[in-house]
Amino acid sequence: MSRAPSRGTVVIDAARCKGCELCIPACPPRVLRMSARRNASGYLLPELLEGCTGCGACLLVCPDFCFEVYQLDAPDAAKTTGGIA
Amino acid sequence: MTASTERRLMEGSEAIAEAAIAAGCRFFSGYPMTPFTELLEHFARRLPDEGGACINAESELEAIGQAWGAAATGARAATGSTGQGLSLMQESMSEITRAEIPIVVFNMARGQGDYYQATRGGGHGDYRHIVLAPESVGEAVRITQEAFHLADRWRHPVLIYGDYLIAHTAEAVSIEPIDFATKDPLPPKDWAVDGRLGGTGRSRNVNPIGMEKGSKGIDPNRFWQALSDKEDRIAAAEQRWEAIGTEDAELLIVAFGTLARFARAAIRDLRAEGLRVGLFRPISLWPFPSEALVRAAAGCRRVACLEQNAGQMIDDVRLALLGSVPVVPIGGISTDPAGFGIGALLDAERIAGRARDAYHGREVPRGVVA
Amino acid sequence: MSGDRDAEGVGAGDPLRVVPTDAPPSGACRRKGSFTPSLTLMGEHDLCPGCGEPLALRQILDSIEALGQAQRAIGVVGIGCYTALTSLMDVDLIQALHGRAPSVATGAKRMRPECLLFTLQGDGDMVNEGLQEVIHTAARGENVTCILLNNGVFGETGGHMTATTVLGQRTKNSIEGRDARLHGHPILIGDLLARLDGTAYVARASVHDAAGVARTRRFLDRAFTSQLKGQGFSFVEILTMCPTGWFIPTAEGPGYLDRELGAVHEVGELKKDGVLVGG
Amino acid sequence: MSTAIEREILWTGIGGQGVQLAAKVLALAATREGREVMSLGTYGGTMRGGNTDATVVVADGPIQSAPMVSRAWAAIVVHPRFFEPVAPKLRAGGIVVVDEDLLEGTLPACAGARLPLAATRIAREAEAPKAAALVLLGAFAQATGLVGLDALEAGLEESLPSYRRQTLESNRRALQAGAAAVPGVSHPAWRKEAA
């Protein structure tokens, strides 16, 4: 599965997340998926893959206000900021 | 037409509506029901002229909800019904009291059977609200205005317990705005909602459970204890009564509302016969003027409780006197076929007869007074 | 539904690169949307995972802010799970009794006509206990906006049948599914209100996906605008997920909402500028 | 004890005769003259055809009576059908004004001087056939001096709702005709009786 370079990215407030998974199918480029990581409350957390478009769909469907959405000025800038987790 | 200070013949309903408007009431809502109906009619006719609003609600449930919303914005607002409609309002009465919303509620009752409803409250939870019972149209004019002051003074509902006679009797009265606030300044309504503080972090929430903004938990215990403490202060500060001829009375009649007027007329005759009879009239039914009653009854051989019901106020009379003086009920159930509370008990001679029996230690008849 | 849901199956040896999400990007960028909605005092609340009500709340508050009404809005909140959201809403509020919010909003609006008045009610609140109040408020043409969060169950009591529960829907007191013979038919409140002469704007939205949420926002904007124009009663019904009350996994909430409730309570605008849509 | 003179007037008749209007005119007139006034109308379940009663209390000081009185100084009997419970309330020294045209047999015995009046005929002759109650009121006022005729006429004008204005003149004639049918003050209202 090939991914387009990221044109946007998100910050996830992991402490607030309740692991409901609503963001996963809501993401148009399908770059959100559930990880094996859990927050302090024990909820499984989503993680972001390359290819985010910054569309903000995740923000719209997140009941716990966990997402902050950024549009990158230069495509793929996300890769340079974080690298592989 | 604006509120008139000229002396005019007015039915109680009209006089009360005019007094409310003179006190600054700008919102009224109600559902027609005899003998409350004319109060609604007068507000409907007059409030639009005063820049206010009167709504013919779909039910008493809605009527009190609308008054609630109006009062929550800081406006002086009122609603009312007869006891039956007040029953429907009890859930809101409880919540409004606990949300500390100052409204005035009129019970143009069908007789005196709503004493428990008025003073104990038919709603849920711990709450008491002020209850004032005028005996005449003239007194209703003053009490109505005072009710709006007390509501704002304490951020608390005030119920006015009237009846068919208060609503329908016409008296020559003048409606002059009474200034209560100069002697007893009102606190600012800095709790009311006007929308202006939205987004500032200081927006308001008028609610009955102690919900505070910016914090997830609520603390109803603390909130309701504070309300209870306030009610204790009201109970100490707002007792009202009238005592007549109690200095030498051997028999003390206790009566409230218009029935006290019949007792007053009866006592005039009894005194003419040489019987030493006095009258104690609670004006505030909650808080009940217990200490004043104890003082008034101090030298009496007997206390006669006159009320037009199966015996409700007598609980408060007995609680006040704690067995120090024998208490005899001399009223009873008494209404007309329509159930409006125009019973045979509303007769000064009959009351004089019952008081005479009580005076002389004879048995007073019980049961329906027909 | 996405096949990525098997969370335990992904992780370290995955060939796809995971982008860190714990801090804003360091490069040149533009923030497009922030965590918490406009007009909130905090981002946290105690509603269940997968609940649709906070999604609706976000759109309501964002709409009020965007329309420049932040300092003129008064909300009247009914009794339901959403009542807990009052602690985070930074607009003036009146807490009403179950079902009574339209009446309370009426009184407030009459005394403060300059304010934007809205109610926040659930289906149990508005369509069960408060049905007559919302109908009469609409029929009077009160210039207020009533907002219904409709999930077809009493969420707060743990998933019981309401007046909007659809036929076949399992609830704790219709355990074999709502049966018209036993439990009667659901009330389509939006359709009912649209037929009243006093209503100016009536719409039904759903927050089951991002497009639905965006549509919800458009409908809210139009309802509030209608009120600001003084057109009369406006109404937005928002279908929301309640996976807890529906007894399904959170991730299945949007699909269930769209497939079951959405099939009966159809999404769309029912009345605009006082005229029935398609009528 | 108050030294005020307090006059209780009981009205009785059948719904539709204008009893409530006439009682209101009396109360308004007395208010105009600066008296203390209290009045209460009561009627049975039916608006027309049933009993209709009113109590008007007029005093020259604070009123001691309750809105419904056990004893009355005067009665105005617009129709005698429901007079029976009223009769025992009347005190000696008072006055009972009766429309004798409507008498069916004899009026129940009662205290107070009887002032019979052919009110129905007088009203008809005054071309105010529906206003016999006002004829009785005019006569009562003339016989007692409780209120002046001018105040009654002003009260009449005040009492009529806008949709009844066309009846003002005929009603005024009825008041005047009633007053003219009585020679003068026979039962002065404002003179205190000997105890």
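Every chain is numbered from 1, with letters handed out A, B, ... down the list of sequences.
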What part of [X] is in contact with chain B, defined as an atom under 4.5 angstrom from a non-hydrogen atom: side chain, backbone, both or neither?
X	result
C:E65	neither
C:R100	side chain
C:L93	both
C:A105	neither
C:T86	both

Is it true that a side-chain atom of [X] and a backbone atom of [Y] form a donor plus acceptor pair closer than 3.5 Å?
X	Y	value
C:D92	B:R204	yes
C:D90	B:T200	yes
C:R110	B:F27	no
C:K109	B:G69	no
B:K213	C:M89	yes

Top contributor to chain C contacts, counting heavy-atom pairs under 4.5 Å, from [options]:
options	result
B:V206, B:I64, B:N207, B:I96	B:V206
B:A75, B:A53, B:A72, B:S215	B:S215
B:R202, B:Q66, B:M211, B:E91	B:Q66

I'd like to know whether [atom1] of [X] has more than 12 heavy-atom contacts from other residues, nucleotides or ligands below 6.0 angstrom.
X	atom1	value
C:F154	CZ	yes
B:R120	CZ	yes
B:D126	CG	no
B:D229	CG	yes

At a heavy-atom separation under 4.5 Å, does [X] approach chain C through its side chain, its backbone, both, or neither?
X	value
B:E212	backbone
B:I101	neither
B:A67	neither

[atom2] on [Y] to [atom1] on [X], rounded to 0.5 Å:
X	Y	atom1	atom2	result
C:H98	B:E95	NE2	CD	12.5 Å
C:R140	B:E58	CZ	CD	7.5 Å
C:T83	B:I209	OG1	CD1	7.5 Å

If every non-hydrogen atom of [X] is compared with every non-hydrogen atom of [Y], which pair is closest and at what distance?
X	Y	value
C:Q95	B:P208	CG-CD, 3.7 Å
B:W68	C:I94	NE1-CG2, 3.7 Å
C:L97	B:S92	CD1-OG, 3.4 Å
C:S87	B:K216	OG-CA, 4.3 Å
C:M111	B:A70	CG-CB, 3.6 Å

May I ask you to name which of C:Q69, C:R72, C:E133 has the most heavy-atom pairs under 4.5 Å with chain B?
C:E133

Count the heavy-atom pairs under 4.5 Å between each of C:V104, C:L116, C:L41 and chain B, then report the option with the highest count.
C:V104

Are any non-hydrogen side-chain atoms of B:L61 and C:S103 less than 4.5 angstrom apart?
no

Any heavy-atom pair between the side chains of B:I55 and C:E142 that's under 4.5 Å?
yes

